[in-house]
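When reading the values below, keep in mind they use all heavy atoms of this one structure, side chains included, and skip hydrogens, waters and symmetry mates. By convention here, the first residue in the shown sequence is residue 1. Note that ligands are numbered from 1 as they come in the structure, with each ligand's atoms numbered from 1 the same way.
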Amino acid sequence: MAETINTPVTRYEALRKVTGDTKYAADFMPAGMFFGELVVSPIACGQLTAINILEAMAEPGVITVYTHETMPKYETPKGFYAGGPGTASFWPMTGTEIKYAGQPVAFVVAENAAAARRGAQRVKATYNKTAGRIEMDTANAFVAGKKEDNVMTKGDMDAGIASAAAVVDETYTTPFQHHNPMEMFSTTAHWRGEQLTVWMPSQSVRTARAGVATAFKLAETQVEVLSPFVGGAFGSKAGLPPYAMLTIAAARGVGAPVRLVVSREQMYTAAAFRPESIQKIRLAARGDGRLTAFEHIETAQTSQFDDVVNPGTHITRSMYACPNIHTEQRLARSDTNTPGFMRAPNEMQSFFALESAMDELAIKLKMDPVELRRVNDTRTHPVNGVPFSSRSLMACYDAAAKSFGWARRNAAVKSMVDGDWLVGCGCATATYPTLVAPSEARVRMYDAGTAVVELAAHDVGTGAYTIMGQIAAQRLGLPVKAVEVFMGSSDLPIAPISGGSVTSASAGSAVHVACLKLADEIVRSVVLLEDNPLSGLDPAQVKLVDGTLQGPGVKLMSLLDALKATPRGEAAATGQYAHPELTEQALRTTYKGGLGVAGPVTKTHAMFAFGAQFVEVRVHRWTHEIRVPRIHGAFAAGTILNRKTAHSQLMGGMIWGIGSALHEHTLVDHARARFLNTDIAEYLIPVNADIGEVNVQMLDERDDFVNPLGVKGIGELGIVGTAAAVANAIHHATGKRLRSLPFTLKDV
Ligand code: MOS
């Protein structure tokens, strides 16, 4: 087939997207729908003492205003990090306590959006304010959960340091960041008796359905959550957020459908964000560059009511061979909503630290930083000792170094000058754990030469619809255009959260398995018929190879011709996929709407995708302006299903990495304990003028262990390491070592 796996197929909905023809969650408008608006707390800590809704109620068009006293009740679930479906464990509008700025205190329902907004402005809440703090309480930093999960020692750090020729002992910091997806958070809730339909942009319709059903005491069959297209998520739409529950409760209360679209400002407190972090790294090495000791102590911010552990140290300690390792994962609280996932939720921060420290070590050792990575490359996991299922890190370095022209740089600091610009080059490692979740998919095939694929996965803007279609097209021997894919509904066969870069590897494998099962069922019925190439054969002897049924060493007939021979002319199968080393507990977790995965370290293997990034930085001698005219990345992530959408993911990740290095920073008002630059005018992200040449290479890598497709996932890999590569290039250009993201004019 011309248009199948590994080819650059254009996403099938591209034209519909650019012509505004795709319907996102907030585009669905059930008849008689009302509009919701949140009123949120300006204070971070204290008590709500009174709330006056009279003026708001008098506003023309306002239907009602709910407060903590009148909001219809539901059973509040646990937050994700406590094993529940919620984005946080604390649910606003359940009492008078205020725990973070931006916490909803009232919910206005009106006939139209403008009336809802006017009503919200007229709600008068008064508070008894106590001091809140938004900076991390590092004095009381703690290890959450089980100690063995978050503190790890191998060998003897002191002995490792004592035997070293060079030691780097530094602290790196990363700021609060917010996702800012183009598509706002929204929920539209439509009750028909005890049957509930919820449209919301979601990375997990099944998590949302499970949480909503429990909260409102419904059977899961009474709830459908729909998220057909998502305009960017990046982790912000992974769980079940308060705004969704409030909208559903309000809709039940008023007895009409209600839609809430969260404002851009409120999006900074309505769901998750990237917590700030402090990364302490100690690296020691012999004169030849071999690491003798590695220590990483990460302290990440969390809320007062959830312990958000996204363990960056688990990933940094997987990277390089080292006999003596110590890692600790700590948390420090402050008065914010609960942080959570944001693209590469710990790897971005932890690899900024590790890969900056590796560069500092290379400089101390007078070694080429690429060679330092080479001497410490390993075939086995540094802690667990199991082999990597595949690991092409140095192939990535070699490919990216070559295209970038690394060999042409002058290694001496401040040696490369172009007029008023100081020029520097830097590199860093990218990695992302391969996580494989269980999944199901249903495939139907028709004798007209068409097929339908259905599963409760999501296209969060990555091209997943197209990729699932490609997998089925290749297996069934049909053109991609003949395969229709339905996703984003909780009623479809079980698929995991679209997070942790799991979708292609997991849901894609289920599509693959379903196609094989479908072929098997067709074969089983055709062998019973007379006068065809399969007549009388043992079905076990017939294999499906890309749309062709083959006996031992011989092509028998196409799958489509076999289907045409059946009396019904159509066939259906549901495939179930689970990695052989997936634990039963992880299987149950996914089936209950959570995220249970195999990997990155299983009993027998370590599964990671790798990459290498090279950047050129220019720092202006007088204005101190920092520019990144070139970035080259080479990545090895197993099978690349679609070379066009994968390229976009990796390119987008690298651009976001430049944003992390130079632009993104949620500023805070310490006195008021709240986020300050809560809009995309003042929350800086890279624009076209900030980005020059972006070169993406995808290496061929075969991995038979990760899943039947050999896919590792590339959604988050591209952002990892970029910020360190920029820091390392700035050092090369200027001699200044920057250890706090983001880097601004005043830092150089
Ligand atoms: Mo991704 S941060 O796991 O949505």
Side chains of Asn310 and Tyr81: is there a donor and an acceptor less than 3.5 Å apart? yes
Pairing donors with acceptors under 3.5 angstrom, does anything connect the side chains of Gln103 and Asn337? no
N/O donor to acceptor pairs below 3.5 angstrom from side-chain atoms of residues 82-92, sequence neighbours left out:
residue	atom	partner	partner atom	Å
Ser89	OG	Gly79	N	3.0
Ser89	OG	Asp306	OD1	2.6
Trp91	NE1	Pro77	O	2.6

Got a sec, which pairs hit salt bridge (charged side-chain N to carboxylate O under 4.0 Å, His left out) with one end in residues 587-598, sequence neighbours left out? Glu584-Arg588
Table of N or O contacts for ligand 1, cutoff 3.5 Å:
residue	atom	partner	partner atom	Å
ligand 1	3 (O)	Gly500	N	2.6
ligand 1	3 (O)	Glu716	OE1	3.3
ligand 1	3 (O)	Glu716	OE2	3.4
ligand 1	4 (O)	Gln203	NE2	2.7
ligand 1	4 (O)	Gly235	N	3.0

Would you list the atom pairs, donor with acceptor, under 3.5 Å between side chains in residues 238-248 and any protein atom, with sequence neighbours excluded?
residue	atom	partner	partner atom	Å
Thr247	OG1	Tyr243	O	2.6

Using ring centroids (six-membered ring only for Trp), state whether Tyr683 and His179 fall under 6.0 Å. no
